[in-house]
Amino acid sequence: MSSQTDEPPVRFWSVDEVEALDFDPAMQEMLDDGGLARIRMPHGEGDAWVATKYEDVRLVTNDPRFSRAALAGRDITRMAPHFIPLDDAVGFTDPPYHTGLRKTVASMFSRRRIEELRPRAEKIAEDLLDAMEQAGAPVNVMEHFTTPFSVAGISELMGVPQEDWSRIIGWTLLVISSAQGRRRSEQAKEEIGAYFDALATQRMAEPRDDVVSHMAAAEKEGRLSRQELVAFAVLMEVSGINSVRFNSANMVYLLLTHPEHHARLLAEPDLLPQAVEELLRYIPHRNAVGMGRIATEDVQVGKVTIRRGEPVYASYVAANRDPEKFEDPHSIDFDRSFNPHLAFGNGPHYCAGPWLARMEMQVMLRGLLDRFPGLRLAVPPSEIRWRRGELIRGPEAIPVTW
Ligand code: HEM
């Protein structure tokens, strides 16, 4: 452990429930204090550093002296009882090895390739909106639209047949939960892993134009092992469903509770891509912090020296509210034209699906705005129930009318 005498005291970050989409007051305190903080969370051992300021977060997430591979065998302090990715997942690897894994799917998620999928995504949205209109108000827009859309988007791209989607949703929810206990989450990880293992075997025999077939071809050429394929595929499916479904629900909630922003998007449709970027910056996507890293040598970050072997976290959510980077960071400003937010992370572990996520958010919001210009909450905002004890934040349901 560090021998410095001026190091900050360790805070216990219990990760209490934060209301609606409020910014976690613990994060605010750490940002206000500046520099790196030391934290202990409910699970794992010891304490860890956490970077919250924009520039510190960029450094920690992009400096090769902070390693993901070095997490192996360490039970570092964390929010959830289990680790989210499977052991062989990209999240636990470092470049250059990590770069090779990411390359096996990069072309399937490129901006150009994702743009080609937009018409298909618009068709999925149209069909779901037709069904929602037919169901008649009030409806839970998450159940009728944002969730099935998110599941369809990533699953079609991965190559998961529609008849398996409901099983997949069940597993992914257990994997990202910290509230169901370690055993159930680990079991769900194994089951979804076995599912993708079988799918890869099928696609190796009969390839199609989907991500799993692409990965199976890479496996055949010796560019990744079956375990790596499975762990990466699971991570993409889990993130592709849950990050998008809750982030889009949060976006819908924010628009319906900020009539001035809602009205602007109705009046100025071209503003949508920029508005989505601002909502991505503003939304506190997750509770606490994601996966940590381990310092492989002593590193100076601002005023503190992180010692070799010490765990370090970086909060993208906090960095997105750093007043030194974003003017008036706690307000939603669709005119923010320079918006280098870190909602998709930074450095080598930068999100694998940002173009897919962006395209899906734009298609969903555009579809809702066009189809239901009078869309509004069917209950007072105070009656919306929020997910509890979960890693990714979002509402349980959003009842709407039009
Ligand atoms: C609004 C939606 C999304 C948000 C906010 C989001 C955000 C993030 C963030 C913050 C990271 C972590 C960076 C780090 O570990 O330092 C990440 C990683 C990742 N995301 Fe996303 N993501 C979203 C959608 C998606 C989608 C659609 C996919 C589908 C492929 C995806 C796949 C992944 C994967 C595989 C990783 C791990 C990358 C690695 O460790 O190399 N995400 N994402």
Side-chain angles (χ1 to χ4, degrees), residues 51 57-63 66-69 71 83-86 88-95 97-106 108-110 113-114 117 121 146 149-160 172 175-176 210-212 214-215 228-229 231-251 276-277 279-286 288-293 312-320 341-365 391-394:
V57 167
R58 291 226 320 170
L59 191 156
V60 164
T61 51
N62 206 20
D63 188 314
F66 297 113
S67 162
R68 278 285 178 74
L71 282 171
F83 286 106
I84 307 305
L86 293 171
D88 296 291
V90 278
F92 285 121
T93 61
D94 293 331
Y97 177 72
H98 169 264
T99 324
L101 287 181
R102 288 282 300 256
K103 266 196 188 145
T104 59
V105 299
M108 295 297 280
F109 290 94
S110 72
R113 162 97 199 181
I114 295 298
L117 302 178
T146 53
F149 179 91
S150 310
V151 174
I154 184 71
S155 302
E156 282 197 0
L157 186 54
M158 294 296 290
V160 176
T172 61
V175 172
I176 62 154
D210 57 38
V211 174
V212 173
H214 234 74
M215 296 173 95
E228 289 162 348
L229 180 158
F232 196 2
V234 169
L235 197 56
M236 286 189 280
E237 183 76 20
V238 170
S239 315
I241 292 181
N242 291 310
S243 295
V244 174
R245 72 193 283 211
F246 293 118
N247 223 276
S248 56
N250 288 335
M251 287 190 185
V276 164
E277 293 309 307
L279 292 168
L280 282 165
R281 180 195 71 83
Y282 180 85
I283 288 169
H285 181 59
R286 55 161 308 130
V289 273
M291 289 173 65
R293 291 165 172 81
V312 194
Y313 283 98
S315 170
Y316 297 123
V317 170
N320 281 342
H341 66 73
L342 301 180
F344 292 117
N346 181 58
H349 289 278
Y350 185 77
C351 180
W355 295 110
L356 176 64
R358 286 185 165 109
M359 184 273 281
E360 291 187 335
M361 304 291 182
Q362 291 168 10
V363 167
M364 273 189 269
L365 293 187
L391 306 185
I392 299 187
R393 293 176 61 178

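In each ligand, atom 1 is the first atom listed, and ligand 1 is the first ligand listed.
The closest heavy-atom contact to atom 20 (N) of ligand 1, among the options Ser248, Cys351, Gly347, Pro348, comes from Cys351. In this structure, of Tyr350, Tyr316, Phe232, the residue bringing a heavy atom nearest to atom 16 (O) of ligand 1 is Tyr316. For the residues Pro354, Ala352, Ser243, the heavy atom positioned nearest atom 3 (C) of ligand 1 is part of Ser243. For the residues Gly240, Ala89, Gly153, the heavy atom positioned nearest atom 27 (C) of ligand 1 is part of Gly240. When Gly345, Ala343, Ala231, Ser239 are checked for heavy-atom proximity to atom 7 (C) of ligand 1, Ala343 turns out nearest.
A donor-acceptor pair under 3.5 Å links the side-chain atoms of Asp94 to the main chain of Arg68, judged by distance alone. Looking only at distances, a side-chain donor or acceptor of His349 sits under 3.5 Å from a matching main-chain atom of Thr93. The main-chain N or O of Val289 is found under 3.5 Å from a side-chain atom of Arg286 such that the two form a donor-acceptor pair.
Met251 has its side chain out of reach of Thr146: every pair of non-hydrogen atoms, C-beta onward, lies at least 4.5 Å apart.
For ligand 1 and Phe109, the ligand atoms under 4.0 Å from any heavy atom of the residue are 30 (C). Atoms of ligand 1 lying under 4.0 Å from at least one heavy atom of Met236, given by number and element, are 29 (C), 30 (C), 35 (C). In the vicinity of Gly91, heavy-atom distances shorter than 4.0 Å reach the ligand 1 atoms 40 (O). Using a 4.0 Å cut-off to heavy atoms of Arg68, the atoms of ligand 1 that qualify are 14 (C), 15 (O), 16 (O).
Checked against a 3.5 angstrom limit, the closest N/O atoms of His349 and ligand 1 fall inside it. Polar contact check, Arg102 against ligand 1: a nitrogen or oxygen pair lies under 3.5 Å apart. Between His98 and ligand 1, at least one N/O pair is under 3.5 Å apart.
Across every non-hydrogen atom of Leu280 and Ala343, the tightest pair is O-CB, 3.5 Å. Contact detail for Val57 and Ser315: the closest heavy-atom pair is CG2-O, 3.6 Å. Here the shortest heavy-atom pairing between Asp210 and Glu156 reads CB-O, 4.4 Å. Closest approach of Pro348 and Asn62 over heavy atoms only: CD-OD1, 3.5 Å. Between Asn247 and His285, the shortest heavy-atom distance links the atoms ND2-ND1, 2.7 Å. Arg393 and Phe246 make their closest contact through O-CB, 3.6 Å (heavy atoms, listed as atom of the first residue, atom of the second, distance).
Scanning the protein heavy atoms around atom 1 (C) of ligand 1, the nearest turns out to be Met361 CE, 3.3 Å. Closest to atom 6 (C) of ligand 1 among all protein heavy atoms lies Phe344 CD2, 3.7 Å. Nearest protein neighbour of atom 37 (C) of ligand 1, counting heavy atoms only, is Leu235 CD2, 3.9 Å.
Remark: distances from the non-hydrogen atoms of Thr61 to ligand 1 are all 4.0 Å or more. Contact annotation: His341 has no heavy atom less than 4.0 Å from any atom of ligand 1.
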Would you check, one step at a time, whether the test side-chain contact (heavy atoms from CB on, under 4.5 Å) holds for Met359 with Leu356? CA-CA 5 Å; Met359 184 273 281; Leu356 176 64; 4.3 Å; yes
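Under 4.0 angstrom from ligand 1, the non-hydrogen atoms of Arg293 all belong to its side chain.
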